[in-house]
Amino acid sequence: MNSFNRDSKNNKNRREFLKNGMVAAGAATLGTGLLASGAPVLAEQEKERSGKLSSGDAAILRFLAAAEIIETDLWVQYNELGGIQDNEVPGGSGSPLYAAALQVLDGDMSQYIHDNTEDEFTHETFINAYLASKGADIVDLEPFRTLPGSTATGSSGKPRLTNLMKLTVDTSWWTRYRSRTQNPDFGDTFPQAIPSLAVGQHPAIPRSDADLSPSNHLQAIANTAGFHFATIEQGGTSLYPSLAQRVSSSEVLQIVLSIGGTEAMHFQTWHDKAGNAPPLTDPSDSTLVFPDLNAPPFGGEDFQTNLIMPEPTILLSKSLPVCSIIRPTNTTGAATGALNFLTAMGLFIGQSTAFLAFLRELAEAADAARREGER
């Protein structure tokens, strides 16, 4: 793991790479930078300003701010087509057929999508405002908002940060949270609940009005979204307690723990709804199959759809009693791991190398943070 106090030459080289990459990507006048505390700073400074915060706490909050901005972007796309459009979450005008397909998973899906979207807005806004209140640099990803989104009726048509139309969705969380003997913090791996979602590239929103039929094709898109909702939120559920272990300030710890708890609430909601996805094969893509998770060769405790509370499993040591926990929460490389996870699912297909380099810079700084007195 790299030391947080990197030498200034390496910092300068990285800054120059980011600056040049962003200009090459055509993302506005990016010599002005993406980290700002009231004024442009990225190209002018060798080190981000931490203000009254420790450098590690500021780095952790900046990575979390970036993660929340990314989450907000993808949830806005879901809400524009499948959620409730109002002044709390403005944007699109809705796609009645897509919303109806989502409501097969639960009749309240539109409300849940809306509320999750609003939550992510508040998370990104609060973290950046807190950084600014302490004189620290904030995170702004707006220059990277260049990806085309859905052209289906109901979408706002605004440029996006994330791509929801070519997803590879990891559903191993389904079996992970049902295991009583394994924990990824011990190096354990878990089978996919929906194996065909974990390969290939699948839309989770209608790419255009052509995706609104046939009905089973649209339902496959809605099923993909249902599992993607939980995949995203279980990632946040683990990320916050993982990074909390590196925080120095009790106030920053309060922020991280308080926001992290809502991510866990989101995850359990979506875990429940994903289990209601109807079994089917996408008529437009015969490789995409949603099985009956309660029937052979699935079924049993590892797959039953009404088992949404975390089963007790090992924590810290196999010599201790099992405990019902969030998993994983290993802090080593947590931010970089989260970024790799988001990248692997295809969220950033079409994004610039400068965007990915900037996120990796934030992740590495967060992972290098240490509590005061630690080495």
Side-chain angles (χ1 to χ4, degrees), residues 64 67 71 105-106 112 116 119 169-195 197-198 226-247 253-277 290-338 340-342 344-345 367 371:
L64 291 175
E71 271 197 289
L105 280 64
D106 190 283
Y112 295 152
N116 204 139
D119 287 354
V169 184
D170 185 336
T171 58
S172 62
W173 50 267
W174 187 278
T175 48
R176 182 197 324 149
Y177 271 96
R178 288 162 168 74
S179 174
R180 288 178 173 266
T181 61
Q182 295 180 302
N183 182 336
D185 288 334
F186 286 75
D188 297 319
T189 58
F190 304 85
Q192 299 286 332
I194 312 295
L197 266 185
F227 279 93
H228 187 237
F229 295 166
T231 298
I232 284 291
E233 298 302 319
Q234 62 83 31
T237 295
S238 287
L239 179 62
Y240 275 86
S242 296
L243 292 182
Q245 298 170 65
R246 294 181 176 269
V247 167
L253 181 62
Q254 180 181 2
I255 292 170
V256 174
L257 293 180
S258 297
I259 294 178
T262 67
E263 300 288 341
M265 296 168 73
H266 294 160
F267 169 49
Q268 188 164 27
T269 298
W270 299 125
H271 191 166
D272 184 34
K273 306 317 167 195
N276 297 329
F290 291 89
D292 182 348
L293 295 177
N294 290 309
F298 300 95
E301 190 173 56
D302 283 354
F303 286 94
Q304 68 185 70
T305 55
N306 64 350
L307 192 70
I308 65 167
M309 307 289 183
E311 291 295 278
T313 193
I314 50 177
L315 173 65
L316 298 181
S317 170
K318 293 182 179 181
S319 65
L320 293 170
V322 295
C323 184
S324 181
I325 56 167
I326 290 170
R327 62 197 83 161
T329 55
N330 181 16
T331 187
T332 303
T336 300
N340 291 341
F341 167 75
L342 294 174
M345 75 172 61
D367 282 336
R371 285 189 183 276

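In what follows, residues are counted from 1 in the order of the sequence shown.
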Could you tell me which non-hydrogen atom of [X] sits nearest to which non-hydrogen atom of [Y], and how far apart they are?
X    : Y    : answer
S317 : F186 : N-CZ, 3.8 Å
G333 : R246 : N-NH2, 4.5 Å
V256 : A244 : CG1-CB, 3.8 Å
W174 : G275 : CH2-CA, 3.6 Å
T331 : S242 : OG1-O, 2.7 Å
S238 : Y177 : OG-OH, 4.4 Å

Rounded to the nearest 0.5 Å, what separation is found between the [atom1] atom of [X] and the [atom2] atom of [Y]?
X    : Y    : atom1 : atom2 : value
F267 : T262 : CZ    : OG1   : 14.0 Å
H271 : T237 : NE2   : OG1   : 11.5 Å
D185 : R327 : CG    : CZ    : 10.0 Å
N183 : I326 : CG    : CD1   : 11.5 Å
E71  : H266 : CD    : NE2   : 8.5 Å
Q192 : F227 : CD    : CZ    : 10.5 Å

message = My understanding is that only residues two or more places apart in sequence, or in another chain, count here; which of them pass salt bridge (Lys or Arg N to Asp or Glu O under 4.0 Å) with D106?
response =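 Only K273 meet the salt bridge (Lys or Arg N to Asp or Glu O under 4.0 Å) criterion with D106.
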Residue list, side-chain hydrogen bond (donor to acceptor under 3.5 Å, both in side chains) with [X], at least two apart or on another chain:
X    : result
N340 : R360
Y240 : E68
N276 : none

Check: [Y] main-chain N/O paired with [X] side-chain donor or acceptor under 3.5 Å:
X    : Y    : result
T171 : A193 : yes
T269 : M265 : yes
E233 : A230 : no
T175 : D302 : no

message: Can you tell me if Q254 has over 12 outside heavy atoms packed within less than 6.0 Å of its CD?
response: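 No.
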In the structure I gave you, are the side-chain heavy atoms of I194 and P291 within less than 4.5 Å of one another anywhere?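 I194 vs P291: side chains touch.
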Within the 4.5 Å heavy-atom criterion, are I259 and L64 side-chain neighbours or not?
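No; the side chains remain at least 4.5 Å from each other.
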Would you give me the side-chain donor-acceptor pairs under 3.5 Å for residues 306-316, sequence neighbours excluded?
{"residue": "N306", "atom": "OD1", "partner": "Q304", "partner atom": "NE2", "Å": "2.9"}
{"residue": "E311", "atom": "OE1", "partner": "R180", "partner atom": "NE", "Å": "2.9"}
{"residue": "E311", "atom": "OE1", "partner": "R180", "partner atom": "NH2", "Å": "2.8"}
{"residue": "T313", "atom": "OG1", "partner": "Q182", "partner atom": "N", "Å": "3.3"}
{"residue": "T313", "atom": "OG1", "partner": "Q182", "partner atom": "O", "Å": "2.7"}

* Asked: Can D367 and T336 be counted as having a side-chain donor-acceptor contact under 3.5 angstrom?
  ->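 Per modelled atom types, D367 and T336 side chains form a pair under 3.5 Å.
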Just say parallel, tilted or perpendicular for the rings of F303 and F298, cut-offs at 30° and 60°.
->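 Geometry flag for F298 against F303: perpendicular rings.
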message = Just to verify, what does Y112 make a ring-ring contact (aromatic ring centres under 6.0 Å, His included) with, not counting sequence neighbours?
response =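 Result, ring-ring contact (aromatic ring centres under 6.0 Å, His included) vs Y112: none returned.
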If you apply the rule side-chain contact (heavy atoms from CB on, under 4.5 Å), what do you find for H228 with L197, and how did you get there? CA-CA 10 Å; H228 187 237; L197 266 185; over 6 Å; no
